[in-house]
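Notes to accompany the following structure.
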Amino acid sequence: MQLARLFRPMMPSLVSEIVATIHGQIDRYGQSTTGRRHQLIEFAVSSAINEFLENLENPTMTGRRADELFRRMGHGEAMDGHPLEAMQTAFRLATQESWEYLRSFAIENQLSAAALANLGDALFAHIDHLAEQARLGHVGALKALDRDQGVATSRLLEGLLRGDGTAELEHQASLAGWELPNEVVVLSVQTQRNADALSLDDLTPWCLVGSDPTGRVLVTAQERSDEVLTRLDKEPLVKAIAISWPVAITEARSAYRWATRAVRLALRGVIPSERVIRCEDHRTQLWLHAEPTLRQQLCQELLPPLLAETPNSREILSETLLVWLETRDSAPAIAAKLGVHPQTVRYRWKRINELFGEDLHDPDFVTTMTMLLKASVPLWKAGDQSDFERFRADEEE
């Protein structure tokens, strides 16, 4: 891919920036900037970026040379008696620095938002894959170590988020000395860049605490959730907290998925970006954005008449159509909701009928259209132009 060749000259400076950030933000990795650990971090970052560019140049390439390296690094962390938190923080910092470089690269080379989004998706998938290799190496090493409460607690959290069965969870809970509650809540905590300094040791007696690419993940009993939330809300290193609704212990994996998705949707402006994000207040959007590729495909299949409109027309027509689909109110009632004159709504409705015609009388079409617009309109209002860019690209082919 031409983009990969254009990006390669930036690779040395990106490697240096990531390594310097890791040394500066993570205390344990900042102890030496010249020794063996420094060389290993520099080699790992360089290998990860190089493999990312090779995958862009040759998407059909098989084999990942960096996999074994990151599994060994995860294994080494466990054998040294360290949890995976520092390495998870390093992955998060590397993601942030790489994304900033990609954005600058996109601006410099006049890439479209859709092209940048595709590069971003490839970058995040690559880093997530390497993070998973490190986790697998870490887990493998833990299995070779003698059982102790700390290891069992880490395994219990991993099992909950992985969706292990009740028997396995009960076994790990007994080793960890942690009584499994009937219901739990999961919290996904977005942290500041220097969150390696964030200590939550005071929560560990009754709360499982781990790290993920967003920051921290916590699992606690439903009856303790308010106490945990209050503690986190006072922490200056915490930027946002997404909290699931209570679920059975075996459904913690789903709750984790909802909480992390809520953080991502808030970052994109789809749901309000608040310090405390309660997933139960955004269930519809969490559901509708569970399959982003399907939403994109349906958008291109069902909404071409709307996508072809001018930006201003598209905005007012989609907003008016969504209110009608949700309420089936009269023109005056819709006008009151939108803050416009009823005649304006009638004019817009005439144009909507010109665009979609008899399809508006098809129950299946209307149902799908309602859900599609509920998922898409917040994205458009937040500035996401990828649906329209994809439509124009398809039209020009």
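Just the heavy atoms: all of them, side chains too, but no hydrogens, waters or symmetry mates, feed the values below. This is a predicted model, so every value here is computed, not measured.
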* Asked: Does Arg328 make a cation-pi contact with Trp324 (under 6.0 Å, within 45 degrees of the axis)?
  -> yes

* Exceeds 12 heavy-atom contacts within 6.0 angstrom, atom OH of Tyr347 -> no

* Check the pair Val238, Asp233 against side chain to side chain contact (heavy atoms under 4.5 Å, CB included), reporting the backbone distance first and the verdict last. => CA-CA 7 Å; Val238 169; Asp233 197 27; over 6 Å; no

* At their closest point, which heavy atom of Glu319 faces which heavy atom of Lys381, and how far apart are they? -> OE2-NZ, 3.1 Å

* To do: To the nearest 0.5 Å, tell me how far His289 NE2 sits from Thr284 OG1.
  => 10.5 Å

* In terms of hydrophobic clusters joined by side-chain contacts under 4.5 Å, are Val366 and Met369 together? -> yes

* Heavy-atom closest pair, residues Leu130 and Ala48 -> CD1-CB, 3.5 Å

* Would you kindly say whether Gln300 and Gln296 are connected by a side-chain donor-acceptor distance under 3.5 Å? => no

* To do: Kindly compute the distance separating CD1 (Ile271) from CD (Gln285), expressed to the nearest 0.5 Å.
  => 8.0 Å

* Structure fact -> CG of Leu187 to OG1 of Thr260, rounded to nearest 0.5 Å, is 12.0 Å

* To do: Could you check if a side-chain atom of Ile249 sits within less than 4.5 angstrom of a side-chain atom of Val184, using non-hydrogen atoms only?
  => yes

* Does anything in residues 289-303 pair up under salt bridge (charged side-chain N to carboxylate O under 4.0 Å, His left out), and if so which pairs, sequence neighbours excluded? -> Arg295-Asp387

* Linking I/L/V/M/F/W/Y whenever their side-chain heavy atoms sit closer than 4.5 Å, directly or via other members, would Trp206 and Val189 fall into one cluster? -> yes

* Any side-chain heavy atom of Tyr101 within less than 4.5 Å of one from Ser13? -> yes

* Asked: Does the side chain of Glu51 come under 3.5 Å of the side chain of Asn55 through a donor N or O and an acceptor N or O?
  -> no

* **Flag if over 12 foreign heavy atoms under 6.0 Å of CZ, Arg278** => no

* Work out which heavy atom in Ala331 is nearest to a heavy atom in Pro342; give both atom names and the distance. => CB-O, 4.1 Å

* Output, in order, the C-alpha distance, side-chain angles, deciding distance and verdict of side chain to side chain contact (heavy atoms under 4.5 Å, CB included) for Glu158 and Gln172. => CA-CA 10 Å; Glu158 291 171 359; Gln172 292 300 335; over 6 Å; no

* Asked: Quick one: are Glu309 and Leu355 in side-chain contact, heavy atoms under 4.5 Å?
  -> yes

* To do: Can you establish whether the number of heavy atoms outside Glu354 located under 6.0 Å from its atom CD is more than 12?
  => yes

* Asked: What pairs of residues pass the salt bridge (charged side-chain N to carboxylate O under 4.0 Å, His left out) test when at least one of them lies in residues 243-262, not counting sequence neighbours?
  -> none

* Determine the minimum heavy-atom distance between Leu169 and Leu156, stating which atoms define it. => O-CD1, 3.7 Å

* Does the side chain of Leu298 reach to within under 4.5 Å of the side chain of Met371, using non-hydrogen atoms? -> no

* To do: Decide, yes or no, whether a salt bridge links Arg231 with Glu227 under the criterion of side-chain N to carboxylate O below 4.0 Å.
  => no

* Taking atom CZ of Arg351 as the centre, does the number of heavy atoms from other residues, nucleotides or ligands within less than 6.0 Å exceed 12? -> yes

* Asked: Is any side-chain heavy atom of Val247 closer than 4.5 Å to a side-chain heavy atom of Ser254?
  -> no

* Should the pair Glu100-Arg103 be classified as a salt bridge under the 4.0 Å nitrogen-to-oxygen rule? -> yes

* Is there a chain of hydrophobic side chains (I, L, V, M, F, W, Y, each step under 4.5 Å between heavy atoms) that links Leu161 to Leu180? -> yes

* **Note, Leu303 side chain near Leu373 side chain (heavy atom, < 4.5 Å)** => yes

* Asked: Going through the checks in order, is the side chain to side chain contact (heavy atoms under 4.5 Å, CB included) test met by Phe43 and Leu69?
  -> CA-CA 10 Å; Phe43 178 67; Leu69 170 62; 3.8 Å; yes

* What heavy-atom pair brings Met87 and Gly74 nearest, and what distance separates the two atoms? -> CE-N, 4.1 Å

* List the steps and the verdict of side chain to side chain contact (heavy atoms under 4.5 Å, CB included) for Arg92 and Thr191. => CA-CA 10 Å; Arg92 177 168 54 81; Thr191 58; 3.6 Å; yes

* Within a reach of under 6.0 Å around CZ of Phe365, are more than 12 heavy atoms found that belong to other residues, nucleotides or ligands? -> yes

* May I ask you to test the His126-His129 pair for a side-chain heavy-atom distance under 4.5 Å? => no

* Take Glu68 and Arg71, measure what salt bridge (charged side-chain N to carboxylate O under 4.0 Å, His left out) needs, and give me the verdict at the end. => CA-CA 5 Å; Glu68 180 61 21; Arg71 281 197 294 269; 3.1 Å; yes

* Do the side chains of Val228 and Val185 get nearer than 4.5 Å, heavy atoms only? -> no

* Hphob cluster co-occupancy, Phe356 + Val323, side-chain heavy atoms under 4.5 angstrom -> yes

* Any idea which heavy atoms bring Pro272 and His282 closest together, and the distance? -> CD-CE1, 3.6 Å

* Donor on one side chain, acceptor on other, Thr310 and Asn312, under 3.5 Å -> no

* Asked: Leu265 and Leu294: same hydrophobic cluster, using ILVMFWY side-chain contacts below 4.5 Å?
  -> yes

